[in-house]
**Q** 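My questions all concern the structure below.
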Amino acid sequence: MAQEFPVDAVTLRRANRASWVLLFAALAYGVVCLGVALGLLPSGSGRFADATLGNGVEVAALVALGWRAWHCRRISPFWAVLALGVGAYCASEIAFDVAEAVLGRGVRGITGLEAGYVVGYGAMLVAIVRLVWVGAKRWRVGYVAEALGIVLLVAALAQEFLVRPLVGASGLPSAAVTTWVMLVVVDALLLVGSVLTALRTGGRWWLPAAAFAALVASDTTFAVVSIAGRYAPGSGVDGIAVVGIALLGVSALQVRTAVGPRTRSRISIVITPAVVLPACFALLVVDHVHPLTGSAIWLAAGAAAAAVVRMVLSQQELLELATLRREALTDDLTGIANRRALLADLERRCASDQPFGLALVDLDRFKEVNDGLGHAAGDELLRQVVRQLVQAAPAAVLVARLGGDEIALLIPDADPASAVADAVALHTAMVRSYDLLGHRVHVAASIGVAGYPHDAQRPSDLLRCADIAMYEAKTLGGRVCAFGSGEPGGTARGRGSLTLMTQLRSALGLADPGEVPGACGHLRVLFQPQLDVADGAVVGAEALVRWDHPDLGLLSPVEFLDEAERHGLMGHLTHRVLDDALAAAASWRVEFPGSRLRLAVNLSATNLLDVDLPTRVAELLGRHAVEPAGLGLEITETVLMSRSPRTRSVLDGLRELGVALSIDDFGTGYSSLAYLKELPVAEVKLDRGFVADIARDPRSAAIVASTIWLGHELGVRIVGEGVEDLATLEVLREMGCDTTQGFLHAEPLSAAAFRDWLTVRLAGVGSAP
Ligand code: C2E
Ligand code: CA
Ligand code: CA
């Protein structure tokens with residue numbers, strides 16, 4: 001219900017100004033009152049100021065409250081009730097002034113003019129109690145007990161240390177004295193309520209708290225001065241009261257939001273009993289030395305009782321807080337640990353050097369069950385599977401649900417081999433038929449296992465490795481797969497992939513501080529030109545990465561990219577290639593001003609799952625001052641086919657940036673242009689295997705020709721890759737292909753070599769290929 005003050009900025013500024021005026025007027029009146037009290041000003045001037053400035057300020061505060069009540073009439077009745085209270089209070093104030101003016105002396109005895117005060121304090125009390133009540137939302141009895149404890153204690157102290165000596169000294173009837181003191185107690189209640197609200201909300205809610213503090217001060221002084229028989233209108237007491245009422249008016253102009261429920265801190269839950277109980281105990285001790293009045297004892301007893309109630313409730317409240325914390329770590333549906341709990345545990349374990357295994361379980365037919373039998377059946381399946389897993393798993397294994405049908409198993413103190421063995425045992429235990437609301441459903445599962453520290457050293461990397469292994473398991477038809485054991489991943493694997501990946505990490509500048517980088521070589525980006533088929537102009541270049549390895553020589557991307565992908569290094573690698581390539585592109589802009597070369601950079605599957613990619617690309621473009629149209633990103637067809645919503649949103653983000661997307665290796669995957677309709681693609685690159693023999697094989701030629709035709713119909717550019725001879729180029733030209741790339745034009749070249757090559761070409765030396 002936190003609701004801003006519903007007025008526009010101009011009105012807000014005016015309200016601000018008005019509140020200053022109100023405050024200054026109140027302070028001016030306060031100064032006059034002080035002057036009278038100190039005998040610096042004649043008492044007549046006090047009376048005059050009281051009738052004019054004092055009443056004026058109170059009426060102005062009333063107007064402010066009324067104005068606020070009107071604006072907030074639909075949000076909360078708080079301001080209206082407070083305005084009513086201040087209105088009734090002002091009515092009595094003015095009534096007394098008028099009566100005194102008519103009588104020519106102070107009004108004595110109960111006359112009925114006090115009715116406004118009674119209504120006024122009552123209404124203010126209602127407003128504040130309601131505010132606390134609504135703000136509390138829960139544990140309201142606790143608040144009441146808390147307030148009661150404080151008020152009764154204050155009353156006991158007041159009774160003993162104010163009323164008693166005053167009655168003794170003045171000889172006034174104790175009823176009158178008690179009434180005055182009760183007024184102070186009501187003020188104290190208002191103060192406690194407003195302080196509770198201010199503690200919860202802070203900010204300008206301290207203004208009403210200050211207002212009630214002023215009322216406590218003025219009513220206390222009033223009681224004391226009246227008992228002494230020295231009260232005169234327009235003295236210091238009235239000054240403080242007027243400042244208090246003015247502060248209520250200022251609050252109406254200043255407080256920005258209504259108060260909504262908010263949980264309390266642990267300390268604030270126990271603070272009241274911690275103060276009230278010792279104070280009551282102290283009173284008991286005092287009673288022993290110097291007997292207290294009966295009413296003070298009863299009030300103190302009441303305060304102690306309220307504090308005990310509060311304490312009992314605090315106990316429950318704390319227990320509930322603890323439960324809330326626990327619930328934050330458990331999964332609602334199954335009651336096992338949730339993602340947050342798993343991550344916390346992973347974090348802790350990754351800080352030690354004990355090996356452990358992380359397994360990710362994916363139910364193979366969960367979606368079918370959910371769609372076919374309904375969500376209730378899906379939920380039931382999850383509950384049963386989890387029960388099965390928890391029963392079958394050794395006690396030390398943490399079973400956690402990550403969301404959906406994804407379940408993780410953290411297998412402590414296990415090397416990769418024993419983690420896999422455990423996972424296989426659990427797989428056997430869980431793959432069986434389940435009875436779901438009258439249906440028997442056989443459920444298979446795929447489990448991917450990654451080992452710490454063998455496969456990865458950080459929780460996020462480890463999860464990624466297990467995820468990749470899980471997908472491999474899924475492709476292999478529902479079984480257990482250890483990370484890196486799926487498909488043979490290039491030649492690098494044979495060379496000890498872990499060492500290689502550690503070296504790649506270093507080459508990417510990601511080595512951990514303690515890790516000795518050693519010789520890791522460096523990554524280089526080569527550029528292969530792309531030419532316009534029609535006029536032979538150089539239109540762009542594709543960036544292709546190489547790793548200059550100290551022992552293994554120059555590694556081609558196929559030798560390390562798969563492994564880098566598995567180890568979660570592709571994000572960093574792509575960033576590096578983009579950075580280097582854009583730096584080169586920026587320098588071409590300067591060296592070859594006329595040529596508008598477009599740079600092409602390859603993206604991998606995991607790059608497209610990274611929702612921050614568009615932001616990062618935008619940042620790099622900005623850093624190198626290359627306009628988005630100067631960059632194209634290549635994505636393979638298989639990635640596009642995944643249709644994952646996350647990939648889709650990354651693609652849309654890139655497209656919105658203004659970079660062109662191109663489909664790489666077209667012809668090796670599904671070879672369907674159907675999805676061009678829905679995806680933001682500007683270019684298709686025909687795979688070299690596809691292009692290679694069009695000059696010899698009429699069937700290949702027919703396919704390429706129709707692809708080019710269809711692509712053009714759909715408004716995309718076609719690039720022919722791997723063009724090695726003139727005959728192929730000729731055929732592509734006849735077919736209307738837009739751009740070509742291949743050894744016929746140039747091999748991938750270093751940035752310097754590319755610059756020389758381009759200079760020669762632009763000089764017109766080679767208008768041939
Ligand atoms: P790709 O994107 O299809 O790149 C074209 C590959 O064909 C390059 O191999 C290039 O050297 C080669 N090639 C170019 N012209 C000819 C030709 O006329 N005949 C023949 N036989 N081959 C030609 P490279 O550089 O070894 O790259 C292999 C693959 O590695 C690339 O295939 C691309 O998928 C991937 N790759 C390269 N650099 C990166 C990178 O920075 N990031 C990502 N994610 N992948 C990259
Ligand atoms: Ca490519
Ligand atoms: Ca390609």
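Indexing begins at 1, ligand by ligand and atom by atom, following the structure's order.
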**Q** Is R655 reaching over with its side chain to a backbone N or O of V659, donor-acceptor style, under 3.5 angstrom?
**A**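 Yes, R655 side chain to V659 backbone: donor-acceptor pair under 3.5 Å.
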**Q** Looking at non-hydrogen atoms alone, which of A746, A581, P557, S604 comes nearest to atom 27 (O) of ligand 1?
**A**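 Of the listed residues, P557 has the closest heavy atom.
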**Q** Counting backbone and side-chain atoms alike, does D665 have an N/O/S atom under 3.0 Å from the Ca ion (ligand 2)?
**A**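 It does not; every qualifying atom lies at 3.0 Å or beyond.
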**Q** Could you check which of T636, L561, L526 puts a non-hydrogen atom nearest to atom 36 (N) of ligand 1?
**A**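 Considering heavy atoms of T636, L561, L526, the nearest to atom 36 (N) of ligand 1 sits in L561.
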**Q** Angle class for the F356/Y452 ring planes (parallel below 30°, perpendicular above 60°, tilted otherwise)?
**A**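 Because their plane-to-plane angle is under 30°, the rings of F356 and Y452 count as parallel.
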**Q** Select one of side chain, backbone, both or neither to describe which atoms of E747 lie under 4.0 Å from any atom of ligand 1, heavy atoms only.
**A**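 It is neither; nothing of E747 touches ligand 1.
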**Q** Please check if any side-chain donor atom of E542 sits under 3.5 Å from a side-chain acceptor atom of Q741, or the reverse.
**A**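 A donor-acceptor contact under 3.5 Å links the two side chains.
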**Q** Counting heavy atoms only, which part of V545 comes closer than 4.0 Å to ligand 1: side chain, backbone, both or neither?
**A**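 Both of them.
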**Q** Give the single entry among D725, N602, D687, I635 that approaches atom 43 (C) of ligand 1 most closely by any heavy atom.
**A**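 The nearest heavy atom belongs to N602.
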**Q** Do T728 and D725 meet the criterion of a side-chain donor-acceptor pair at a distance under 3.5 Å?
**A**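 Present: a donor and an acceptor within the cut-off.
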**Q** For ligand 1, find out whether one of its N or O atoms is nearer than 3.5 Å to an N or O atom of Q741.
**A**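 No; the residue has no nitrogen or oxygen that sits under 3.5 Å from a nitrogen or oxygen of the ligand.
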**Q** V558 versus ligand 1: do any nitrogen or oxygen atoms come within less than 3.5 Å of each other?
**A**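 Between V558 and ligand 1, no N or O pair is found under 3.5 Å apart.
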**Q** I'd like to check whether S556 has a polar contact with ligand 1, where a contact means an N/O of the residue lying under 3.5 Å from an N/O of the ligand.
**A**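 No; every N/O pair is 3.5 Å or more apart.
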**Q** In terms of heavy-atom contacts, does CG of D353 have more than 12 from other residues, nucleotides or ligands at under 6.0 Å?
**A**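 Result for CG/D353: open.
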**Q** Which residue from E542, R688, E634, R546 reaches closest to atom 12 (C) of ligand 1 through any of its heavy atoms?
**A**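 Among E542, R688, E634, R546, the closest heavy atom to atom 12 (C) of ligand 1 comes from R688.
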**Q** Do any heavy atoms of T574 fall under 4.0 Å from ligand 1?
**A**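 No; T574 lies far enough from ligand 1 that no heavy-atom distance drops under 4.0 Å.
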**Q** Run the salt-bridge test on D738 and R717 with the 4.0 Å N-O cut-off and return the result as yes or no.
**A**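 No, this pair does not count.
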**Q** Output yes when the distance from some N or O of ligand 1 to some N or O of N607 is under 3.5 Å, and no in every other case.
**A**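 Such a contact does not occur with ligand 1.
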**Q** Any N/O/S atom of D664 sitting less than 3.0 Å from the Ca ion (ligand 2), backbone or side chain?
**A**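 Short answer: yes, at least one N, O or S atom is under the cut-off.
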**Q** Which atom names give the shortest non-hydrogen contact between S700 and D693, and what distance separates them?
**A**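 It is OG-OD1, 3.4 Å.
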**Q** Check D664 against ligand 1 and report side chain, backbone, both or neither, counting heavy atoms closer than 4.0 Å.
**A**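 Only the side chain of D664 comes within reach of ligand 1.
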**Q** Name the orientation class of the two ring planes belonging to F560 and W547 (parallel below 30°, tilted from 30 to 60°, perpendicular beyond 60°).
**A**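 Rings of F560 and W547: perpendicular, as their planes differ by over 60°.
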